[in-house]
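One structure is given below, encoded as structure tokens.
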Amino acid sequence: MRFSRAYIPTSKEIPNDAVLPSHILLVRAGYIKGVASGLYNFLPLGKKSLDKIRAIVKEELDRSGCQEVDLPFVTPAELWEESGRIAKFGKELLRFRDRKDGLFVLGPTHEEMMVALVRHQLNSYKQLPQNLYQIKTKFRDEARPRFGLMRGREFIMKDGYSFHENENDMKREFYLMQETYKRIFIRLGLDFRVVEADSGAIGGSGSREFMVIANSGEDTLAVCNSCDYGANIETAKRRPHQQENIDQIEMEFAKFKTPDIKTIDDLAKFFHVPDWFIAKAVVKKAIYENGSKIAIFFVRGGDEVEEKKAINSINALELVDPTIEEIENAGLHAGFIGLLNLPQNENIVKVIDLELKNAEPIITGANEPDFHYIGVSLKNLPDDKNKFADLIRVKEGDKCLHCENGSLIYKRGIEVGHIFQLGTKYSEPLGANFLDRDGKSRPMVMGTYGIGVSRLLSAIVEQSHDENGIVMPLAVAPYKINILVSNIKNSDELAFGENIYSNLIAKNIETIIDDRNERFGFKIRDAELIGFPYTLIIGKSLANGKVEILDRKKAVKFEIDSDQALNKILELVE
Ligand code: ATP
Ligand code: MG
């Protein structure tokens, strides 16, 4: 490519809505251009890099026996009704009617479509397993599209689905995909971690996220500083806190007047006890498909409730903060909500953290203004009225559950992949059945595997840039080498550059020659902004048989003999 003919609109201007370096740089370097909230044009450079990411993803998947297909982006709403997801997906799902008044949705993910593709086709265990994927546009009407390609509304995802005769075979495939994904992200030059992830209502341990480590990441990870345990904070577990360094105290059961003492801190001071002995009540309004309830979560005074765990424990869609009226209408008294005498009705749900199981003595609200109970024992609480679940949001410094001496630290991550042991969640409602080895009809067991292909371009830049611009890894760079002719009016310089250029093109090496009639400084700033891995600089010293190579990643320039230039470049890019 000739830079003079290329559509590469570089600019100094920072887009209004851009805060992340990756967003700013991809726009400034002319890879992408915003259209509307969460919608982006891919310009020639962006398209080239995106295609390279796509190719690496495809190569590794095909190597692992996955097969690429291509399903419509527009999907019939009927399928979403069959699976029951049309209501659950909410406003992220963009719906519209065609000329015959048929309802359709723009595919945000393709479980329904993929199951519909194979049902009635895969009828026997003999045809299983199968693993089908596509790399394709998705649309999610995200509440807060932001950070450029990182959270778009229209974006490109690799979505894969596998079909199996039993759990074991699905697990085998799941681990194969885990290894395949690792190879992909290593080839893309990313610093990433595989972490345990929330499996939502499906439960189980069958979900892993691939997180690119970056301070700007939207996800918080808890990782062990000693072993390889890592988990999304939404699901991270710790070694349960022990009563170390806290003396056991004697407390007779009693109802105690605690006028206007509502917070954990105030209670601890008032009773002169560590917050370990106080049950903290966190009150939320739980939203369900058809209505809402008041939900109360109990943890020890020093602990916090992890929202995702809380949601899963009561199978809600989401949790929001209730108003004072809503709390009062439920018969509750903020600041005095406790485990005893809690109003019993179907509009209130209660969950107690597992670390409070059998705890004693405990101080807890009396469900009456200005009173608490002290000396309460949580031993032998009847199970039918007391649901226990892990509710804890782990903190930095908590002990690792998986090794002797490790403790947990937080890291920030960008989710670029998610693999999931799905089971029969979609095959069952959509009737994707097969005849098993005993001739019995059963729903296929599924796995599902996603990669954020367009998000990856942002993640790569987020991890690989400096104050001058993008540092594109060789594997995804739009051009491997940029031949910068400092002064195109110097015919020797230009001829030398053209000669190297045609040699490289003949060898199929992606090369761009900066033959623009611009100053050297302007051209080198563009080269650094775009992040070409190597730039061959042809300048005045060509007269003395010397040229320079700029290595963008190492940020060094070195001089070589001009007659060695071609060999050196070939050595660098191959
Ligand atoms: P997130 O928690 O970031 O919203 P998700 O859990 O909704 O992601 P999945 O449904 O698992 O994502 O989709 C698979 C992959 O698609 C994700 O791992 C992510 O890399 C990518 N992805 C999801 N939403 C977007 C988006 N709005 N823009 C770009 N990529 C996305
Ligand atoms: Mg999402």
Side-chain angles (χ1 to χ4, degrees), residues 20 22-23 26 32 34 36-40 42 46 50 53-54 57 61 85 88-94 106-114 133-161 174 177-178 181 184-185 188 190 192-202 206-214 216-221 231-235 307-308 311-312 317-318 412-422 425-426 446-463:
L20 290 197
S22 57
H23 185 186
L26 284 169
I32 60 169
S37 172
L39 303 180
Y40 289 88
F42 281 86
L50 186 72
I53 297 171
R54 190 189 195 288
V57 169
L61 290 171
R85 261 214 293 197
K88 254 201 177 135
F89 232 95
K91 289 193 171 161
E92 271 190 29
L93 201 60
L94 191 67
L106 287 184
T109 171
H110 271 65
E111 278 80 5
E112 286 81 355
M113 286 287 282
M114 207 59 92
Y133 74 95
Q134 53 176 353
I135 300 175
K136 181 136 183 135
T137 301
K138 296 278 179 281
F139 191 92
R140 295 182 182 178
D141 205 353
E142 298 269 356
R144 288 178 60 213
R146 58 194 179 280
F147 308 149
L149 302 178
M150 207 76 93
R151 185 169 297 284
R153 294 197 295 159
E154 185 173 310
F155 58 99
I156 297 178
M157 196 205 288
K158 171 262 154 175
D159 50 325
Y161 310 83
F174 178 84
M177 286 302 108
Q178 178 164 319
Y181 275 35
I184 291 170
F185 299 129
L188 292 172
L190 289 164
F192 67 97
R193 268 190 97 130
V194 187
V195 299
E196 289 179 9
D198 173 50
S199 329
I202 299 172
S207 172
R208 296 269 189 291
E209 285 167 343
F210 295 77
M211 293 285 186
V212 168
I213 302 302
S216 59
E218 289 185 276
D219 286 277
T220 301
L221 320 176
N232 194 310
I233 189 83
E234 295 176 346
T235 181
E307 183 167 305
K308 203 48 169 270
I311 288 176
N312 289 344
L317 290 179
E318 63 170 323
R412 306 289 297 177
I414 301 166
E415 183 195 321
V416 291
H418 192 176
I419 57 174
F420 206 97
Q421 299 182 16
L422 201 51
K425 184 172 178 193
Y426 296 95
M446 291 177 62
T448 168
Y449 320 96
I451 294 182
V453 174
S454 49
R455 179 180 285 183
L456 269 168
L457 184 53
S458 284
I460 288 167
V461 175
E462 205 52 40
Q463 228 172 37

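In each ligand, atom 1 is the first atom listed, and ligand 1 is the first ligand listed.
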Taking atom 17 (C) of ligand 1 as the point of reference, which of Glu415, Glu209, Arg151, Glu218 owns the nearest heavy atom?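 The option holding the nearest heavy atom is Glu415.
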Counting only heavy atoms, tell me which of Arg140, Met211, Lys138, Met157 gets closest to atom 23 (C) of ligand 1.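 Comparing heavy atoms across Arg140, Met211, Lys138, Met157, the nearest one to atom 23 (C) of ligand 1 lies in Arg140.
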Heavy-atom pair of closest approach, residues Phe174 and Ser207: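 Where Phe174 meets Ser207 most closely, the heavy atoms are CZ-N, 4.2 Å.
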Contact summary for Ile135 and Val453, nearest pair of heavy atoms: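 That would be CG2-CG2, 4.2 Å.
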Are any of the N or O atoms of Ser454 closer than 3.5 Å to those of ligand 1?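 No, since none of the N or O atoms of Ser454 sits under 3.5 Å from an N or O of ligand 1.
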Using a 3.5 Å cut-off on N or O atoms only, is Ile451 in polar contact with ligand 1?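 There is no such contact.
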Using a strict cut-off of 4.0 Å, indicate which atoms of ligand 1 neighbour a heavy atom of [X].
X	answer
Glu142	24 (N), 26 (C), 27 (N)
Leu149	29 (C)
Val416	18 (O), 20 (O)
Gly417	18 (O)

At under 4.0 Å between heavy atoms, is it the side chain or the backbone of Asp219 that contacts ligand 1, or both, or neither?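 It is neither; nothing of Asp219 touches ligand 1.
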For a side-chain contact (heavy atoms from CB on, under 4.5 Å) check, start with the C-alpha distance between Met211 and Asn232, then their side-chain angles and the critical distance, and finish with the verdict. CA-CA 9 Å; Met211 293 285 186; Asn232 194 310; 3.6 Å; yes
Using the six-membered ring wherever Trp is involved, compare the ring planes of Tyr40 and His23 and label them parallel, tilted or perpendicular (cut-offs 30° and 60°).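 The arrangement is perpendicular - the two ring planes meet at more than 60°.
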I'd like to know whether Leu190 forms a side-chain contact (heavy atoms from CB on, under 4.5 Å) with Phe210, so could you lay out the CA-CA distance, the side-chain angles of the two residues, the decisive distance to 0.1 Å, and finally the verdict. CA-CA 11 Å; Leu190 289 164; Phe210 295 77; over 6 Å; no
May I have the step-by-step check of side-chain contact (heavy atoms from CB on, under 4.5 Å) for Glu234 and Glu307, ending in yes or no? CA-CA 7 Å; Glu234 295 176 346; Glu307 183 167 305; over 6 Å; no
Are Arg146 and Glu218 within salt-bridge range, i.e. N to O under 4.0 Å?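 Yes, charged N to carboxylate O under 4.0 Å.
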